[in-house]
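Numbers restart at 1 for each chain; the letters A, B, ... are given by sequence-line order, proteins then strands.
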There are 2 protein chains.
Amino acid sequence: MIYIGVDVGGTGIKVGAVDEQGNILSKVKGPTLPERGYEAMLHNIADLCILAATESGHTMADVHSVGIGLPGIYDPARKLVPICTNLNWHDVPVEQELHKYIDCPVFIDNDATVAGLAESVAGVSKGTKNSVFITLGTGVGGGIILNGKVFAGSHGVASEIGHIMFRAGGEPCTCGNRGCWERYASATAIIREGRKFAEQHPNCGIAKAVGFELNKIEARTVIDLAKAGDPDAVKIFDNYVDDLAMGLTTLINVYDPEVIVIGGGVSNTGDFLLNKLRAAYKKFVFCKNMPYATIELATLGNDAGIIGAAMLGKED
Amino acid sequence: MIYIGVDVGGTGIKVGAVDEQGNILSKVKGPTLPERGYEAMLHNIADLCILAATESGHTMADVHSVGIGLPGIYDPARKLVPICTNLNWHDVPVEQELHKYIDCPVFIDNDATVAGLAESVAGVSKGTKNSVFITLGTGVGGGIILNGKVFAGSHGVASEIGHIMFRAGGEPCTCGNRGCWERYASATAIIREGRKFAEQHPNCGIAKAVGFELNKIEARTVIDLAKAGDPDAVKIFDNYVDDLAMGLTTLINVYDPEVIVIGGGVSNTGDFLLNKLRAAYKKFVFCKNMPYATIELATLGNDAGIIGAAMLGKED
């Protein structure tokens with residue numbers, strides 16, 4: 001038996017056939033083109049699934065299940081994707097649409113959850129029972145694996161860790177609250193603080209690095225300068241790491257996993273992030289005299305979406 | 001078969017025999033007297049277990065297991081209670097001590113966890129799969145039930161919800177961090193804000209209520225005045241409820257339970273708390289267009305400790 005994994009992103013769709021151990025056997029891809037509507041997109045996804053099976057030397061009869069990871073929430077009770085902003089989806093019956101073209105079981109989950117599952121099957125958290133995957137990008141997403149299985153809670157919204165109230169009354173969040181963790185732990189936070197600092201200090205190294213066009217300051221700008229030792233950039237990055245670390249201790253206090261895996265754009269900072277983060281985390285962790293989760297960087301990169309989606313259908 | 005539950009508090013020990021459904025068959029009690037040392041205390045607890053079994057018309061041969069709830073953490077890997085401040089315990093081998101006197105299986109967990117289990121077996125969250133119990137007292141404790149079972153995480157510290165980082169950089173906490181949720185959601189927070197207000201407004205209703213002896217201001221002082229319509233007390237209580245509600249939405253974002261059960265001293269405020277809390281919670285909840293947890297008050301009161309501790313040993 002093989003498993004098909006579908007990674008639906010804002011711009012591209014990647015589909016692969018995966019074996020029981022999480023090894024990718026074939027990969028195919030296409031553009032997302034959300035403007036064509038969900039029916040056409042899901043028809044295309046079904047075709048890509050059949051193609052991925054064929055390219056791995058199998059037919060759909062060999063496919064155990066199709067799993068899909070997407071940047072939204074799935075409501076298992078109503079069997080709908082209630083909202084997926086990037087795709088402009090509202091109450092989309094993904095499973096029902098796909099069953100027009102393929103007849104194996106279909107599993108759907110959030111992209112961060114899927115990446116967390118991939119790491120726990122074939123990546124850095126392999127062999128652990130409880131792990132938390134966090135993705136640090138425009139926002140902060142989470143994938144929670146408890147007892148070796150994806151934990152989704154009672155209504156499918158149990159991994160919205162970016163919206164943990166972190167600095168109540170603080171920065172306004174897209175969700176309508178003020179002070180959500182992702183306002184402080186995402187790449188967006190580094191950009192905001194970098195630009196704010198450069199506005200207040202027009203001749204600082206950060207402003208110079210972008211030729212004084214402050215709207216060109218990216219997370220990378222600040223991180224690269226911090227790596228090079230620019231004291232202002234170091235300070236901004238260290239404050240960022242402290243806020244990230246404090247949020248990780250919250251994750252320990254609620255999930256107490258064996259490992260926290262860091263993925264997403266900011267994780268490409270590598271050891272420069274990891275070493276600072278581990279040191280900060282030690283300062284804030286609650287039960288210092290008990291064993292607690294280690295922090296690791298994600299290892300599967302772009303393949304995590306396909307592998308994790310495929311593994312959604314894997315039984316014990 | 002019967003189950004013995006032991007509720008170890010700072011001043012008293014309550015022990016009961018409980019049936020499969022969580023009904024209490026007998027109750028006995030004694031003083032805690034932590035100064036006598038853990039060996040003497042655990043010998044006494046073993047005697048109380050035997051007495052509770054006898055009083056229910058059974059012998060220890062009919063006892064499936066003994067469960068103990070205590071105000072500390074249990075480390076299942078080392079089979080020790082690493083710390084229990086109220087009892088002055090450090091690395092106490094509870095199970096090993098009890099096995100000197102009784103030979104059935106022994107289960108140990110945190111008192112808030114035990115109360116949460118009790119509510120999910122025989123109280124307001126009965127019949128739910130995922131529930132979160134929070135106790136609002138001097139601090140904030142949590143009992144997490146996932147898939148009908150106590151969730152303790154990988155190292156036994158997965159319900160330290162009082163130490164969720166809530167207002168980073170805010171009020172100093174006993175744990176060493178600043179801004180933990182329990183600094184804002186516990187009875188202690190109401191006392192602190194009440195006293196602070198009275199210091200700044202020496203002729204306010206709160207100051208008058210305690211004859212201007214501000215160190216006599218308790219949570220109850222502020223709550224009773226708020227119920228009576230004192231505008232300052234209402235404001236303090238409403239701010240408290242907002243901070244409590246924001247923290248509840250964090251619990252939704254990480255656990256997504258069917259119900260959140262409110263226990264502990266502050267829960268005795270009853271509907272005055274519940275109605276305000278439900279309204280505030282609706283303002284802050286993340287996925288407003290998805291179903292989400294209801295909020296209920298705990299119903300088992302003082303019996304929760306015995307029932308939940310007894311149920312620790314119950315198999316599926």
Side-chain angles (χ1 to χ4, degrees), chain A residues 73 75 77-78 82-83 90 128-131 142 144 146-147 151-170 175-181 184 242-243 246-259 283-293, chain B residues 73 75 77-78 82-83 90 128-131 142 144 146-147 151-170 175-181 184 242-243 246-259 283-293:
Chain A
I73 287 173
D75 181 350
R78 296 190 300 146
I83 191 147
H90 298 277
T128 64
K129 226 175 84 173
N130 302 317
S131 65
I144 315 301
L146 300 183
N147 292 317
F151 177 67
S154 293
H155 317 97
V157 296
S159 58
E160 291 299 338
I161 61 173
H163 298 280
I164 288 175
M165 184 55 67
F166 175 74
R167 189 167 274 135
C175 75
N177 287 338
R178 297 184 77 98
C180 292
W181 188 40
Y184 301 93
D242 271 359
D243 282 352
M246 280 188 251
L248 296 190
T249 67
T250 287
L251 297 179
I252 300 248
N253 290 335
V254 298
Y255 297 121
D256 183 21
E258 284 142 272
V259 55
K283 284 191 298 191
F284 300 120
V285 75
F286 176 60
C287 285
K288 291 187 172 63
N289 58 342
M290 296 267 289
Y292 51 85
Chain B
I73 287 173
D75 181 350
R78 296 190 299 147
I83 192 147
H90 298 278
T128 63
K129 226 175 83 175
N130 302 317
S131 65
I144 315 302
L146 301 182
N147 292 316
F151 178 67
S154 294
H155 316 97
V157 296
S159 58
E160 290 299 338
I161 62 174
H163 298 279
I164 287 175
M165 184 55 66
F166 174 75
R167 189 166 275 136
C175 75
N177 287 338
R178 297 183 76 99
C180 291
W181 187 39
Y184 300 94
D242 270 0
D243 282 352
M246 281 189 249
L248 296 190
T249 67
T250 287
L251 297 180
I252 301 247
N253 290 336
V254 297
Y255 297 121
D256 184 22
E258 285 143 272
V259 55
K283 284 191 298 191
F284 300 120
V285 76
F286 177 60
C287 286
K288 292 189 171 61
N289 58 341
M290 296 269 287
Y292 51 85

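- Chain B forms the most heavy-atom pairs under 4.5 Å with one residue out of A/I164, A/V254, A/I252, and that residue is A/V254.
- Annotation for B/F284 and A/N177: closest pair O-ND2, 2.9 Å, computed over non-hydrogen atoms.
- Only the backbone of B/P257 comes within contact range of chain A, judged by heavy atoms closer than 4.5 Å.
- Only the backbone of B/A152 comes within less than 4.5 Å of a heavy atom in chain A; its side chain stays farther off.
- For chain A, the nearby part of B/F151 is the side chain; its heavy atoms alone come within less than 4.5 Å.
- Just one of B/L248, B/D243, B/T250 meets the side chain to side chain contact (heavy atoms under 4.5 Å, CB included) condition when paired with A/M165; it is B/T250.
- Interface remark: of the candidates B/A293, B/C180, B/P291, B/P291 forms the most heavy-atom pairs closer than 4.5 Å to chain A.
- For A/A168 against B/M246, the heavy-atom pair with the smallest separation is CB-SD, 4.1 Å.
- Ring geometry for A/Y255 versus B/Y255: interplanar angle over 60°, hence perpendicular rather than tilted (30 to 60°).
- The parts of B/I161 that come within reach of chain A are both its backbone and its side chain, each placing non-hydrogen atoms under 4.5 angstrom from that chain.
- In this structure, B/N130 and A/S154 approach most closely via the heavy-atom pair ND2-OG, 2.9 Å.
- Looking at A/F286, the atoms closer than 4.5 Å to chain B (heavy atoms on both sides) all sit in the side chain, from C-beta outward.
- Considering only heavy-atom pairs separated by less than 4.5 Å from chain B, the leading option among A/I144, A/T249, A/T128, A/L146 is A/L146.
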